[in-house]
Amino acid sequence: MDELSPRYNPKEVEEKWYRFWEERGTFAPVHKKKPYTIVIPPPNVTGILHMGHGLNNTVQDVLIRWRRMQGFATLWVPGTDHAGIATQNVVEKALRKEGKTRYDLGREAFIQRVWQWREEYGSTIIKQLKKLGCSCDWSRTRFTMDEGLSDAVLEVFIRLYKKGLIYRSNYIINWCPRCNTALSDEEVEHRELEGNLYYIKYPVKGYEEQGDEFLTIATTRPETMLADVAIGINPEDKRYKRLVGKTAILPLVGRELVIIPDDIIDPHFGTGALKVTPAHDPVDFEIGLRHHLTPINVFEPNATINENAPERFRGLDRFDCRKKIIEELKENDFLLKTESHLHAVGHCYRCHTPVEPRISLQWFVKMGPLARPAIKYVTRKKIVFIPERWTKVYLEWMGNIKDWCISRQIWWGHRIPVYYCKDCEASGRKDAFIVSKTPVTQCPSCRGTNIEQDPDVLDTWFSSWLWPFSTLGWPKKTKDLASFYPTSTLVTAQEIIFFWVARMIMSGLEFMGSIPFANVYIHGTVRDDTGKKMSKSLGNIIDPLDIIEEFGADALRFSLIFITAKGQDVFLSKEKFHVGRNFANKIWNATRFILLNLDKEKAVPDIGRLQKIQFSSADRWILSRLNQTIKTTTTALEEFRFNDAANNIYEFFWHQFCDWYLEISKRDIKENSVTQAVLLEVLTKSLQLLHPFMPFITEEIWQILASFSAQSASKDASIMLSPWPAVKKEYINLDAENAMRYLTDIIIVVRNIRAEMNVAPDVKPDCMLVTHNKKCTELIRRHINLIASLGNLHTIEVAESGGKPPMSATGIVGTTEIFLKLQGIIDIEAEKMRLLKKIQKKEKDLAGMLNRLEDAEFSKKAPHHIIEKSIAYRDALAEELNKLRIHIQNLEQL
RNA sequence: GGGCGGUUAGCUCAGUUGGUUAGAGUGCUUGCUUGACAUGCAAGAGGUCACUGGUUCAAGUCCAGUACCGCCCACCA
C-alpha cells in the first residue's frame, strides 16, 4: 500500500475508511485528558440527511477532529430524538395504507408498531452521518426514548412539579385539527395569507334612539361568531364610549352580547369594535378572563361545528361553515362589506394545517423562574453566542417568555407521569391526581384501585432539552457526567434557538446547577441558489448523499466550509462542490508527484536535523509560509472562522506549495535530500491541517506516507490522533518571503511578456535585468537558474545600469527593469502579418454585425435577447480589434 | 408592527481592530496535452464596493439617512 493510484477515486478511499472507523470505533475519548465536548442537535428520527445537517455536522466534526488532534478528550455523543408528532404521522400513514387507524390497533399495539418502525428505519440518519465522516463516539449513541433518557424525563417532570413549576390548566392553546393535538407556540409557523375582512352588523338594543341600530364589527373569521359572548371596545374610543354596558344581538343566533371596555382593543383596526370569542381566539380568551365571561366552544377537536351552535351548522367543517355564515349574513343584510386583508395565520409545523386556537386542559411549565438565571448567564457572557448578534434575539425572547404547553394528545412519546383516581374524581374531589415516577395502582386517599394514567404524552422537546446531561447518564452520577459536563460548544442553526438552545440553557442551570455549554455557534441556513430554504415540499433539495456519491464526502465537506462565512446563509448549487472535488484531486496528485520522486531506498532526513545553512531560498520561503499558515489556520479555528481556515490552507497548498515550490523542486528533486525533506515536511503538516476538513483523503495519504517517513513511529497510527501542527517560530522568515516574492514577480513579468509577444513555449529568449539595488543584484545572481528555468529563458544578464537593448520587450518589478531580447526570436514582420490577418477577419465580422444591427427587419423581428447578444458581441469585437491594433504598435516600438 | 441580516467582478460570495494596487471560486478570452494533476498549467480581461450626506491625514470598512431584497418575531381581530 505504498503507491497512489494515478487517478483519485474518492468512493474507494472513503468507503475503506468509513468501514474501518466504524469497525474500530476510534472515536471514544481518553478520560485522562482535558475534555472538549460537543453537543449535537439530535436529528429527528424520521429524518434523512439534508444539506443543513451536512453543514451542521461538518462544522462539528471539524471542531472535534481539530480539538482531538490538539490532545483534548473529545466527546461527541450522537443520537436521535423520537420526534413524537412526526413519527406518529409516518406510522399512521403506513397504517392508513392497510386501511387501519391507530385506534384499530389500540395504544399498546400502536406503540409496538412505532418501535418496530424505528428498528427498521430509525438509524438511517446515523448511517448517513458516518458516511459524512463524522467522528462521533458511536458506542454512546442515544435515543430520547431510551431507558436512561426516559428516566431523566420523568425525574425532571417530578422535580418541576414538586417545585410548583408544572401545573395543569384550562387554557387556550394551539390545536392542530389534523394531528388532533395541542402544539406549543414554537411549533406554530406563521404564514402570510391573503384573507378577507368581513364587516358584520350587530344590532344594538336601545341603540335606535341614536339614529343607527347597528354596531359594525370587522372580522377575518366570521364562523367564530357562533361562539361570540361579548363585544369589546376601547374605553378611550369616543365613538362607542356611551355603549358600554348595553347589549347587542348576535346575528343568525340571537344571543345577547354585553358590550365591554378593554384596553387591548385597537380603535384604529377595522371599526374599532371587537367580537369577543374567548374559546377561539387567544386575545379574546384573555379578555374573557378579565371580564369573567363564560366561553362557548363551537368546535369539535377536528374543527367541525359542534352542538353548541344552531343545528343547521352542526357537522360543518370550519371553512364550509364560514361560507355558509357569509351567505346567511348576506341574505339577512348583516354583511356590510368585504375587504381583502393580508394577515398571518398559524400553521402546524408538521402537517401545515391551519392551527385552531382551542381551550383545553393541558399541562404547562412555568417558565419565568427558569428563564431568570438563563438570562443572567448569557448577559454575563458565561455563554457566548457566535455571531454575537444572536445574543440579543435570545435575550429578547427570554424576556417575554410564555409558559410552555408540554402535553400532546398523541401516543408516541413519554407518557405523562400523572395518575387520576376515578373514584375521587367521581365524588367531586378536586386535584384527584398523583404525580409519580413509578406506576400507581392504589389511590393514597381513598385506597381505591380505579386509577388511570394521563393519556397524553410530553412534547418531544421536553426530552431534547435535557440532552447535554441526560445523554451522559443523569440523574445518575456517572463518570461521564463528571468528565464531560458542562460541554464546550453547541453548533446549530438559528431556527432552533427557541425550541432547543434556550431550553437547554434553562434545564442545565436548573438540574445541573451550571451552564450546559460555553459557546453557541449559530451557522447559516442552507438555501438553494434562488434564496429559498431547501425543503422537500419545494423540491429544491440538493441531496448531500448524491454529492457524496458523485464528488465524495471530503469534497462536500470542504466545499461547504469553503463557502460558509460565519453565520451567513449559504446559497447552494451543485457546481459549488467542484471546489472541494478539484482540491482533493490536487492534493492527491501533488502527493503522487512527491512520492514518485522520492528515493525509496534511502530514508528522507527529518527536517529538524538539517542545518539552516542547507536550506535554499525556496526552502526557507515555503517553510516560513507553512508556519504562517499553521498560525492563521489555528487562529481562524479558534475564532470559529471556518471558511477563513479552509481558505488559508487552500491558498497555501495550491497556489504556493504546488504552483511554486513543487515547480521549483522539479529541478533537483531526485538528488537533493534537503528538498525531499522539505517536501515531506510541508506535505505532512498540510495533511494534518486539512484533516479536520477532509478526513478521508488525508487519512489515506497519511498511511501511505508513513512508510516513507524517517519516524517509523507514525506507522499504523491514525492521522486523527497525530498532534496538531505547532508553529515553529524559527522557520518564520520575512526576508525569505520578500526575496521569493521579488523573484516570482520577475518570473511572472517574463511570462507576461512572452504571452503578450506570442513567444512559442519551446523558444528560450535571452534576458537582461537592470537594477542598481545591490541586494537585488545579489538575489538574481544567486537564482539565475531558477529564473531561467521557470521563465523559460536562455541566458540572463544582470546589469546595474543600461538602456533598452534593441528589439526587446520591457517590463518592470519595483526598480528592476526587465528586457526580453526578441531579436531572431520572433519574426516581427511575420507576426505583424498574422495580426493583420486577424484584424481583417475581425473587421469583417464587425462589419457584418453592424449591418445586421442596422437592418430594420432584424431589429423588428429578432427577439430582444438576441439583439442584446449581438450588441454585446459587437462591443467585444470592437474591443478585441482595438487590442490587436495596440499590439501591433507595441511590436513596432521594439 | 418590532427586530435582524444583505446590497462588492457576468454569476455565487470573502474582505478580522479604518491603512499600499479591493480578493476567491466559477464563468469568459488567449496559449499549452510540458513525465503529478485538463478535476490541470500559464497569461489576460472584468469593480463608481446600492444611493446620499458626515467623521478622518485616510472609508468597501465607522456614523446618520434613503432605496431595494431576504429572514425572524408579534394578540391588529
Side-chain angles (χ1 to χ4, degrees), chain A residues 4 6-8 10 172 185-186 189-190 195 197-198 217-221 224 232 264-277 280-287 341 343-344 357 387 389-390 392-393 396-397 400 494-495 497-498 524-525 527 529 531-533 551 555 559 562-573 575-576 578-597 632 635-636 639 641 643-644 647 650-651 654-655 658-659 662-663 666 747-749 751-756 758-762 790 792 872 876 879-880 883:
Chain A
L4 272 65
R7 201 171 181 87
Y8 173 52
I172 191 148
D185 292 341
E186 290 68 40
E189 281 173 356
H190 290 272
L197 199 53
Y198 302 95
I217 294 176
T219 179
T220 54
R221 301 200 55 200
T224 63
I264 201 166
I265 295 156
D266 176 4
H268 305 292
F269 184 86
T271 62
L274 172 76
K275 61 193 258 320
V276 182
T277 321
H280 301 297
D281 185 281
V283 178
D284 298 17
F285 180 80
E286 298 286 341
I287 298 175
H341 178 66
H343 62 145
R389 64 172 185 271
W390 295 109
K392 203 180 157 189
V393 176
E396 213 134 287
W397 187 76
N400 300 309
Q494 50 117 106
E495 297 104 81
I497 294 180
F498 307 132
T525 309
R527 300 172 190 287
D529 50 4
K532 297 246 163 50
K533 198 161 147 181
F551 301 133
S559 304
F562 193 78
I563 61 176
T564 307
K566 192 156 144 182
Q568 229 31 57
D569 285 357
V570 194
F571 292 70
L572 271 189
S573 60
E575 292 70 46
K576 297 215 166 147
H578 289 172
V579 196
R581 178 198 61 178
N582 295 353
F583 190 39
N585 184 60
K586 190 73 179 177
I587 297 167
W588 187 262
N589 280 299
T591 309
R592 229 164 68 81
F593 166 77
I594 295 169
L595 294 191
L596 284 172
N597 286 293
T632 50
T635 312
E639 293 170 4
R641 290 182 287 111
N643 64 324
D644 285 349
N647 259 299
Y650 179 90
E651 161 67 20
W654 195 317
H655 296 304
C658 289
D659 286 354
L662 239 49
E663 291 305 318
K666 278 178 182 171
I747 293 162
I748 286 169
V749 167
R751 287 171 175 173
N752 184 343
I753 297 171
R754 291 180 62 108
E756 216 166 76
N758 203 31
V759 178
D762 54 345
L790 294 184
N792 208 7
E879 203 180 311
E880 266 180 60
K883 261 194 234 163

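Keep in mind that this is a model prediction, so the values were computed, not measured. Chain letters run A, B, ... following the sequence lines, proteins first, then strands; residues in each count from 1.
In this structure, the CH2 atom of W397(A) is 17 Å from the C1' atom of rG2(B), given to the nearest Å. Between the P atom of rA38(B) and the NE2 atom of H578(A) lies a distance of 16 Å, rounded to the nearest Å. For the pair R754(A) CZ and rC32(B) C1', the computed distance is 12 Å after rounding to whole Å. At whole-Å resolution of the value, CG in N792(A) and P in rC41(B) are 18 Å apart. Protein atom NZ of K392(A) is 18 Å distant from nucleotide atom P of rC72(B), rounded to whole Å. With rounding to whole Å, I497(A) atom CD1 is found 12 Å from rC72(B) atom P. Counting to the nearest Å, the C1' atom of rC71(B) and the CD atom of E396(A) are 15 Å from each other. Whole-Å rounding puts the N582(A) CG to rA24(B) C1' distance at 14 Å.
Using a 4.0 Å heavy-atom criterion, one finds that Y8(A) contacts no nucleic acid atom at all. Within the nucleic acid shown, R581(A) comes within 4.0 Å of at least one base atom, counting heavy atoms only. Counting any heavy atom pair closer than 4.0 Å across all strands shown, H280(A) reaches no nucleic acid atom. No engagement by F285(A) is indicated, since no non-hydrogen atom pair under 4.0 Å with the nucleic acid exists.
Between rC41(B) and rA58(B), the distance separating the two P atoms is 43 Å to the nearest Å. Only the P atoms considered, rG25(B) is 28 Å distant from rG18(B), to the nearest whole Å. As rounded to the nearest Å, rG31(B) and rC37(B) have P atoms that lie 23 Å from one another. Taking atom C1' on both nucleotides, rG3(B) is separated from rA74(B) by 10 Å, rounded to a whole Å. Separation of the C1' atoms belonging to rG15(B) and rG6(B) is 15 Å when rounded to the nearest angstrom. Look at the C1' atom in both rU61(B) and rA45(B): the space between them is 28 Å, to the nearest Å. Using atom C1' as the reference point in both rG19(B) and rG60(B), the two lie 13 Å apart (nearest Å). Distance noted for atom C1' between rC51(B) and rU26(B): 29 Å (whole Å).
Taken together, the paired segments of RNA chain B that extend over three or more consecutive Watson-Crick or G-U pairs, each closer than 3.5 Å at both contacts, are B:1-7 with B:67-73, B:10-13 with B:23-26, B:28-32 with B:40-44, B:50-54 with B:62-66.
Using a 4.5 Å heavy-atom threshold, the side chains of I264(A) and E286(A) count as separate. Within the 4.5 Å cutoff, the side chain of Y650(A) has heavy atoms near those of the V579(A) side chain.
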Legend entry - N597(A) vs F593(A), side-chain contact (heavy atoms from CB on, under 4.5 Å): CA-CA, chis, key distance, verdict: CA-CA 6 Å; N597(A) 286 293; F593(A) 166 77; 3.2 Å; yes
Legend entry - Evaluation steps, side-chain contact (heavy atoms from CB on, under 4.5 Å), between H343(A) and L197(A): CA-CA 10 Å; H343(A) 62 145; L197(A) 199 53; over 6 Å; no
Legend entry - side-chain contact (heavy atoms from CB on, under 4.5 Å) between I287(A) and L274(A), intermediate numbers included: CA-CA 11 Å; I287(A) 298 175; L274(A) 172 76; 3.7 Å; yes
Check the interface with nucleotides 33-36 of chain B: list each N/O to N/O pair with the protein under 3.5 Å, or write none.
residue, atom, partner, partner atom, Å
rA36(B), O2', N589(A), OD1, 2.9
rA36(B), O2', R592(A), NE, 3.4
rA36(B), O2', R592(A), NH2, 3.3
rA36(B), N7, K666(A), NZ, 3.3
rA36(B), N6, E663(A), OE2, 3.2
rA36(B), N3, N589(A), O, 3.1
rA36(B), N3, A590(A), N, 3.3

N/O to N/O distances under 3.5 Å, protein versus nucleotides 75-77 of chain B:
residue, atom, partner, partner atom, Å
rC76(B), O2, D266(A), OD2, 2.5
rA77(B), OP2, H341(A), NE2, 2.9
rA77(B), O3', T220(A), OG1, 3.3
rA77(B), N6, D266(A), O, 2.9
rA77(B), N1, D266(A), N, 3.4

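In this view, H190(A) satisfies the ring pair (Phe, Tyr, Trp, His ring centres under 6.0 Å) rule with no residue, not counting sequence neighbours. Taking D281(A) as the reference, nothing meets the salt bridge (Lys or Arg N to Asp or Glu O under 4.0 Å) condition, with sequence neighbours excluded. In this view, K666(A) and E663(A) satisfy the salt bridge (Lys or Arg N to Asp or Glu O under 4.0 Å) rule, not counting sequence neighbours.
Ring geometry for F583(A) versus W654(A): interplanar angle under 30°, hence parallel rather than tilted (30 to 60°).
Note on N400(A): every side-chain N or O is 4.0 Å or more away from OP1 and OP2 of rA74(B). In this model, the phosphate group of rG25(B) is not approached by any side-chain N or O of K576(A) to a distance below 4.0 Å at OP1 or OP2. Within the structure, a side-chain polar atom (N or O) of W654(A) is placed less than 4.0 Å from OP1 or OP2 of rC41(B).
The closest side-chain donor-acceptor pair between N647(A) and N643(A), if any, does not fall under 3.5 angstrom. Side chains of N582(A) and H578(A): a donor-acceptor N/O pair is absent below 3.5 angstrom, by distance only.
When the nearest nucleotides of RNA chain B are assigned to F583(A) and N752(A) by heavy-atom distance, the more 5′-ward of the two goes with F583(A).
No option in I172(A), V276(A), T224(A) other than V276(A) meets the side-chain contact (heavy atoms from CB on, under 4.5 Å) test with D284(A).
The main-chain N or O of I748(A) is never found under 3.5 Å from a side-chain atom of N752(A) such that the two would form a donor-acceptor pair.
In this structure, the nucleotide among rC37(B), rG25(B), rC72(B) sitting nearest to the side chain of N585(A) is rC37(B).
Crowding of H268(A) atom NE2: a count of heavy atoms from other residues, nucleotides or ligands under 6.0 Å not exceeding 12.
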